[in-house]
Protein chains: 2
Amino acid sequence: MTIRDIARLTGYSVATVSRVLNGYPHVHPQTRARILSVIQKNGFQPHHAARALATSRTYILGLLMSDITNPFYPELARGVEDAAAARGYRVILCNTDGDLQKERAYITSLMRGHVDGLIFASVRLDDSFLQYLVRQRFPLVLANRRFYGLPVDSVAVDNVLGAKRAVSHLISHGHQRIAHITGPSYVSNAVERLQGYREAMEEAGLKVRKEWIVVGDFTRRSGYEKAMVLFSLKPRPTAIFAENDNMAVGALGAAFELGLRVPEDVAIVGFDDIDLAGAEAIQLTTVSQHIYEMGEKAVSLLLQRIEAGDRRDPTQVTLDPTLIIRRSCGCQRTPARIPTRYHKRRAQRDV
Amino acid sequence: MTIRDIARLTGYSVATVSRVLNGYPHVHPQTRARILSVIQKNGFQPHHAARALATSRTYILGLLMSDITNPFYPELARGVEDAAAARGYRVILCNTDGDLQKERAYITSLMRGHVDGLIFASVRLDDSFLQYLVRQRFPLVLANRRFYGLPVDSVAVDNVLGAKRAVSHLISHGHQRIAHITGPSYVSNAVERLQGYREAMEEAGLKVRKEWIVVGDFTRRSGYEKAMVLFSLKPRPTAIFAENDNMAVGALGAAFELGLRVPEDVAIVGFDDIDLAGAEAIQLTTVSQHIYEMGEKAVSLLLQRIEAGDRRDPTQVTLDPTLIIRRSCGCQRTPARIPTRYHKRRAQRDV
DNA sequence: GGGAAAATTGTAACCGGTACCAATTTGAAA
DNA sequence: TTTCAAATTGGTACCGGTTACAATTTTCCC
């Protein structure tokens, strides 16, 4: 069933049918009604590829991320997908594992008649290739990553401010030995959050011992391992600020394993506010970077770029980080355990 | 830069260039070399939409799921994406929120020249529409869901067996009052897992009290709430088998909030083995349904269907559920806490 | 050297829409 | 009634590939 079939069935030309399909003016209401009813009756749908070829618009966006399995991304992807769907766009998902080869392969393949624009979520990508893309004027936007000195749209939180808020909160709880799990130095987020940590400490007149700063890689595993290192320090830090929730949850696990109570023995604060952070069993205090909104915003920037082309100046959107207070910082205590006596009794009854 | 440009630059015809692009035989090695070098030099990439229109193959798959934010799906999506990418396919992500309208809208739009096939991950979809799709012979496969009586490819675990293994394990720990958080009865997984629970109890000669079976909706929140209900029962169940990890984690939170130790006061077992279940802070014993492999398998079934058409009989792949033993079932104890004395000392030094 | 088969290459008609331009019809003013 | 602009509709050349078929060249064997 093609547009020509509809033309034949209705007795009109393909041009008129096309006009009806696209809601153009200069079509007699009666004609429109007749054609629409035939379209309806036959369940006709315009062919995507044909339309894309003719208009050179696919209404598909490409979303590149390192790994959807990392709990940060599903929420971003959801924000992107919802915003895209609301404006008639579909989303192609690409996992690159932070592998430059994969990134480039995806990009070059997607650029040619595949997608109308690309969203790079915390993508690595060397300067030269990104520069090349920008010069090509292919619509793209960076999310959760900055690239200074290049005229490109981007969305990210104010990382320095977010980190400062987290650390200041810990300080307000009376903590002085605050350790920090940072990320690889080639990630702009890591650098900025580390800076925020330093500034907050300095402004409070606290000095930072260098063994308090350990480098993770944003995985839960690395958070666990690095926290283990921190917990072996003497004197032990009384609080940890981890640069993402993943690592904070790992640190939580390390504390648990050592029998340290959170927040009584050690306070922990994360960054991101992934969904899990709010779980009753976790209750992680963290800095929200409004991941979902970041996804939405990335789409709206991208669509502006697609529709307005390079008549627009590149804009850098900065989201305001907000501290989400839960249990792990010390604002709420750990629930008391049911006394052992009670358990003994119950156990006896069981037998 | 089109194929005609390459033809002009090399002096050959578009047909020959096309043959080179597609690696067809009957091209002189020298010709191939020359054309390839020109393609290389100009960074030519064939236009996706044009190729799709000509061949009526898009090399895109559609993946429908309720919500990528649900921790079950990212891993599935990753399995799908990896398997697809390995065979030259891209994946379009669709969040339907289990909304039948959205599902149908996505499907009808994607079917026309958009994707070569669809993967329905635990999709609701009424019988009639699914039947219609099957009759249309559009390539599709069901993942994490069965549809009995319809000739359609599908992948799923053996839910009954998985549930039995989970419950039997709890029984082997000496539990007798084992409660169960099930899912909505319109979900085939829920029905089957509930059946497995019943069978395991029955085979062990344990009777099931009806208040031990509570209905959740697979969200963490519902796991939390239903566990709270279970914990208020007298006598309190000594173990809970939740039908997915999400709800099990919710139950963990409820236990924590009431000061109940897991596994000493209450054992908890989940289903799925999402990534989080292995976190040190959670350590959830669960039944793995090999989510990643499920995604891979779904793709391989779908591609077979796409390539072989209806010459293939529909196949139902059943994955073997394996019990992943961690802490929450009672095989490992909760680490002892560092004595309070020690904390006091530390606190004094702090001031 | 002749002739058939195989190898190589070219021509042009699709695929299913869109959109420019022209043709025709309609409506209103003159 | 004539005239002209606006409204409506049709014809057809694209978009950028693929591929059936034809044409040409080369290879091989007797």
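For the numbers below, each heavy atom of this structure counts, side chains included, while hydrogens, waters and symmetry mates do not.
- Take the nearest nucleotide of DNA chain C for Arg112(B) and for Pro25(B): the residue whose nucleotide is more 5' is Pro25(B).
- Residues in residues 7-16 of chain A take part in these salt bridge (Lys or Arg N to Asp or Glu O under 4.0 Å) pairs, two or more places apart or across chains: Asp5(A)-Arg8(A).
- With sequence neighbours left out, the salt bridge (charged side-chain N to carboxylate O under 4.0 Å, His left out) criterion links Arg19(B) to no other residue.
- The shortest heavy-atom contact between Met111(A) and Leu133(A) is SD-CD2, 3.4 Å.
- Between the C1' atom of dA7(C) and the CD atom of Gln30(B) lies a distance of 15 Å, rounded to the nearest Å.
- Under the 30°/60° scheme for interplanar angles, the aromatic rings of His114(B) and His48(A) are found to lie parallel.
- Annotation: side chain to side chain contact (heavy atoms under 4.5 Å, CB included) contacts of Ser66(B) (sequence neighbours excluded): Tyr73(B), Thr96(B).
- When the salt bridge (charged side-chain N to carboxylate O under 4.0 Å, His left out) test is applied to Arg4(B), no partner is found at least two apart in sequence or on another chain.
- The shortest heavy-atom contact between Val27(A) and Val20(A) is CG1-CG2, 3.9 Å.
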Item to check | B/S/- contact track for nucleotides 20-28 of chain C, protein heavy atom under 4.0 Å | outcome: ---------

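- Taking Asp116(A) as the reference, Arg57(A) meet the salt bridge (charged side-chain N to carboxylate O under 4.0 Å, His left out) condition, with sequence neighbours excluded.
- Note on His26(A): a base of the nucleic acid sits closer than 4.0 angstrom, heavy atoms only.
- Figure legend: Arg90(A) and Tyr59(A) shown without cation-pi pairing, the cationic atom not lying both under 6.0 angstrom from the six-membered ring centre and within 45 degrees of its axis.
- Where the helix from dG1(C)-dC30(D) to dA30(C)-dT1(D) starts and where it ends, the local axes point in directions that differ by 40°; five pairs per end, rounded to 10°.
- Nearest-nucleotide positions on DNA chain C place Ala49(A) closer to the 5' end than the other of Tyr24(A) and Ala49(A).
- Counting to the nearest Å, the P atom of dG10(C) and the NE2 atom of His28(B) are 13 Å from each other.
- Atom CG of Leu36(B) is separated from atom NZ of Lys41(B) by 12.0 Å, given to the nearest 0.5 angstrom.
- With sequence neighbours left out, Ala190(A) forms a side chain to side chain contact (heavy atoms under 4.5 Å, CB included) with Thr182(A), Val187(A), Phe218(A), Glu243(A).
- Applying the salt bridge (charged side-chain N to carboxylate O under 4.0 Å, His left out) criterion to Asp97(A), with sequence neighbours excluded, gives Lys102(A), Arg78(B).
- The span of DNA chain D lying next to chain A, judged by atoms under 4.0 Å from heavy atoms, is bounded 5' to 3' by dA7(D) to dG17(D).
- Atom P of nucleotide dG17(C) and atom CG of Leu21(A) are separated by 8 Å, given to the nearest angstrom.
- Look at NE2 on His48(A): it is 13 Å from C1' on dG16(C), rounded to the nearest Å.
- For Gln304(A), the side-chain hydrogen bond (donor to acceptor under 3.5 Å, both in side chains) test picks out Arg312(A), with sequence neighbours left out.
- DNA chain C lies under 4.0 Å from at least one heavy atom of each of the following residues of residues 51-59 of chain B: Leu53(B), Ala54(B).
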